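Predicted model only: the values in this text are computed from it and were never measured.
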Amino acid sequence: MKVRFAPSPTGHLHIGGVRTALFNYLFVKNQGGQFILRIEDTDLSRSSREMAEEILEGLRWLGMNWDEGPIYQSDHFEKYRETAYRLLEQGKAYRCFCTPAEIEARKNSLENDGEKIYKYDRLCLNLTSEQIQQKLREKTPYVIRFFIPTGKTYFKDAIHKEMETDNSELEDFTLLKSDNSPTYHLSVVIDDCDMGITHVIRGDDHLSNTFKQILLFKALGLNPPKFAHLPLILGPDKKKLSKRHGETSILEFKKNGYLPETLVNFLSQLSWLPADSKKIFTMEELVKQFSLNKLSKSSPVFDYDKLRFLNGRIIQQKEAKDLYKLLAETQPFMDEYNEFPETKKINLIDLVKPRMKTLADFEAKFNIYLKGELNYQNNDLDKLNETHSNTDMKRYLKELLVKLGNLNESRFGSAEIEAELRACAAENNIDAACLIHPARFALTAEAVSPSIFDVFAFFGKEESIRRINRFIDYLEKNNG
RNA sequence: GGCCCGUUCGUCUAUCGGUUAGGACAUAGGAUUUUCAAUCCUAUAAGAGGAGUUCGACUCUCCUACGGGCUACCA
């Protein structure tokens with residue numbers, strides 16, 4: 001068995017394309033076959049090598065390694081041309097000298113039986129050989145059109161079941177453009193055949209095209225592969241998710257701090273439900289249980305909430321040292337922390353990771369915990385003031401400083417600090433919260449943090465005291 | 001306009017003629033906690049509408065509505 005993922009490098013690799021690649025991958029690995037990567041760059045003017053590279057990078061990042069390729073269609077132009085001319089000689093295709101403008105005009109104006117014409121009217125099919133020779137001598141540009149035979153075309157789609165159309169619905173589509181380059185239909189059919197593709201798994205947007213391609217396969221005396229058309233992913237607005245939806249390039253997700261496992265798990269749950277909806281699966285586990293006929297036919301909507309949820313869960317499950325590596329690889333802000341010891345950074349990651357939804361979320365924490373960028377003027381302080389006056393905070397924090405001062409640097413651990421703090425609260429006849437909340441804000445300038453005692457321990461005695469004093473100074477300078 | 005595909009909680013989905021229509025995300029409440037997150041518990045919430053077939057339909061058929069796709073010398 002062989003499948004291919006065949007993106008065209010005319011834009012970024014978007015999430016829909018990734019899903020198509022993933023389902024191809026899961027299917028063929030489950031079957032023990034090969035996954036081939038083919039770059040459909042027949043439209044030279046719109047394709048670029050940079051985009052192709054980006055597609056490869058995206059697939060690699062997600063862990064979908066291909067067994068063959070990348071194969072570039074632009075390397076096979078000669079073959080496509082030959083095939084088109086062979087069909088021409090066999091009378092299965094014909095030259096068309098009409099310009100796009102002429103065809104457009106006829107489609108718009110001509111009506112027979114009050115019906116609007118929506119197909120090419122086969123004007124050039126009736127050209128005599130003299131007329132054709134004349135046009136060729138005049139060097140009139142032409143395209144080669146496929147002649148759609150009469151009859152009906154059937155195929156069985158793995159997801160949509162039986163498909164059928166009357167060939168009269170189909171247009172004599174172009175095989176070879178006037179610049180001698182092939183159209184998509186020609187190149188896919190030839191390549192799918194040459195590469196021995198057994199299953200074509202692609203988006204629903206190709207469902208109608210399939211009839212044309214089957215006719216082409218048959219005209220060439222070839223057996224069409226099996227087809228499976230995946231429902232298209234919709235954006236939150238229920239429109240097809242595509243480049244139009246903004247930053248949907250897969251690498252954008254990487255940049256924004258999503259993990260490959262997140263995308264793979266999330267995407268695998270679109271149109272399919274891997275056994276346990278609670279579990280996070282590895283690629284291997286997904287491969288094991290994948291089956292094409294368990295896919296749903298309807299279009300799923302892309303849900304960012306769920307994506308974030310999954311990403312947060314996966315971050316939590318990761319070891320801090322692995323997260324450190326991932327951060328270093330994907331998040332440029334990490335460069336600003338080169339002078340900090342690695343163990344310190346890993347400790348911080350361990351401390352804050354339960355609250356992180358994306359790798360990018362770590363940046364704010366690094367700022368606060370390592371760089372010490374404390375901006376006291378924020379809403380959190382206002383909220384804090386609702387229950388803790390500045391005067392009280394100052395007083396209690398000073399008491400706390402005394403207690404902390406008694407602690408030996410070597411005994412500055414979470415449990416010891418908690419004991420000291422609670423003792424301090426008891427002596428002053430106040431709730432521990434009256435110390436904890438101001439302390440949290442003094443250390444982080446935030447109302448939310450990991451366990452405050454762990455935060456103390458992370459900073460160590462010296463830095464903890466420094467930060468508290470800094471906050472006290474701030475309070476003294478601002479409204480006493 | 002024509003042809004095609006689709007339609008179960010707000011979202012992703014389970015069910016493959018007989019279920020109190022299940023789970024997950026989100027939302028709300030509770031437990032826990034120093035805060036938040038996490039975790040655990042609970043709640044809210046669905047078969048587009050209409051005909052048929054059947055003892056019985058979310059499941060099969062048809063119609064309508066809605067959504068999407070295709071209708072290029074783009075893929």
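A salt bridge is absent between A:Asp305 and A:Arg308: the closest approach of a Lys/Arg side-chain nitrogen to an acidic carboxylate oxygen does not fall below 4.0 angstrom. Classification of A:Arg38 and A:Glu40 as a salt-bridged pair holds, one side-chain N sitting under 4.0 Å from a carboxylate O. Between A:Asp157 and A:Lys226, none of the side-chain N atoms (NZ, or NE/NH1/NH2) sits under 4.0 Å from a carboxylate O, so this pair counts as no salt bridge. Here A:Lys318 pairs with A:Glu261 in a salt bridge; the nearest charged N to carboxylate O distance falls below 4.0 Å.
The phosphate of B:C5 (OP1 or OP2) has no side-chain N or O of A:His229 nearer than 4.0 angstrom. The side chain of A:Ser8 places no N or O atom within less than 4.0 Å of a non-bridging phosphate oxygen (OP1 or OP2) of B:A75. Contact check, A:Ser298 against B:G68: no side-chain N or O comes under 4.0 Å of OP1 or OP2. Side-chain nitrogen and oxygen atoms of A:Ser271 include at least one within less than 4.0 Å of the OP1 or OP2 phosphate oxygen of B:U13.
Between A:Asp454 and A:Ser414, the side chains place a donor N or O and an acceptor N or O closer than 3.5 Å (distance only, hydrogens not considered). For the residue pair A:Asn167/A:Thr165, the side-chain donor-acceptor check at 3.5 Å is not satisfied.
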*Mark up nucleotides 57-67 of chain B, 5' to 3', with B wherever a protein heavy atom is under 4.0 angstrom from a base atom, S wherever such an atom reaches only the sugar-phosphate, and - elsewhere.*
-----------

*Assign a letter to each nucleotide of nucleotides 36-42 of chain B from its 5' end: B, base within under 4.0 Å of a protein heavy atom; S, sugar-phosphate only; -, no contact.*
BBSS---

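Across all strands shown, A:Cys98 has heavy atoms under 4.0 Å from base atoms, whether or not it also approaches the sugar-phosphate. Using a 4.0 Å heavy-atom cutoff across all strands shown, A:Ile452 reaches at least one base atom of the nucleic acid. Residue contacts shown for A:Asn209 include a base, since a base heavy atom lies under 4.0 Å away. Nucleic acid contact class of A:Arg38 (heavy atoms, under 4.0 Å, all strands): none. Residue contacts for A:Arg422: at a heavy-atom cut-off of 4.0 Å it reaches the sugar-phosphate backbone alone, with no base atom in range. Among the protein residues, A:Val143 comes within range of the nucleic acid bases, having at least one heavy atom under 4.0 Å from a base atom. Among the heavy atoms of the strands lying under 4.0 Å from A:Pro300 are primed sugar atoms or P, OP1, OP2 only; no base atom is included. If you check every strand for non-hydrogen atoms under 4.0 Å, A:Phe453 touches a base. Using a 4.0 Å heavy-atom criterion, one finds that A:Glu418 contacts no nucleic acid atom at all.
As rounded to the nearest Å, B:C41 and B:U54 have P atoms that lie 46 Å from one another.
The interatomic distance linking A:Lys306 (NZ) with B:A26 (C1') rounds to 10 Å, in whole Å.
Remark: A:Arg4 is not positioned above the aromatic ring of A:Phe35, lacking an NZ or CZ atom under 6.0 angstrom from the ring centre and at most 45 degrees off the axis.
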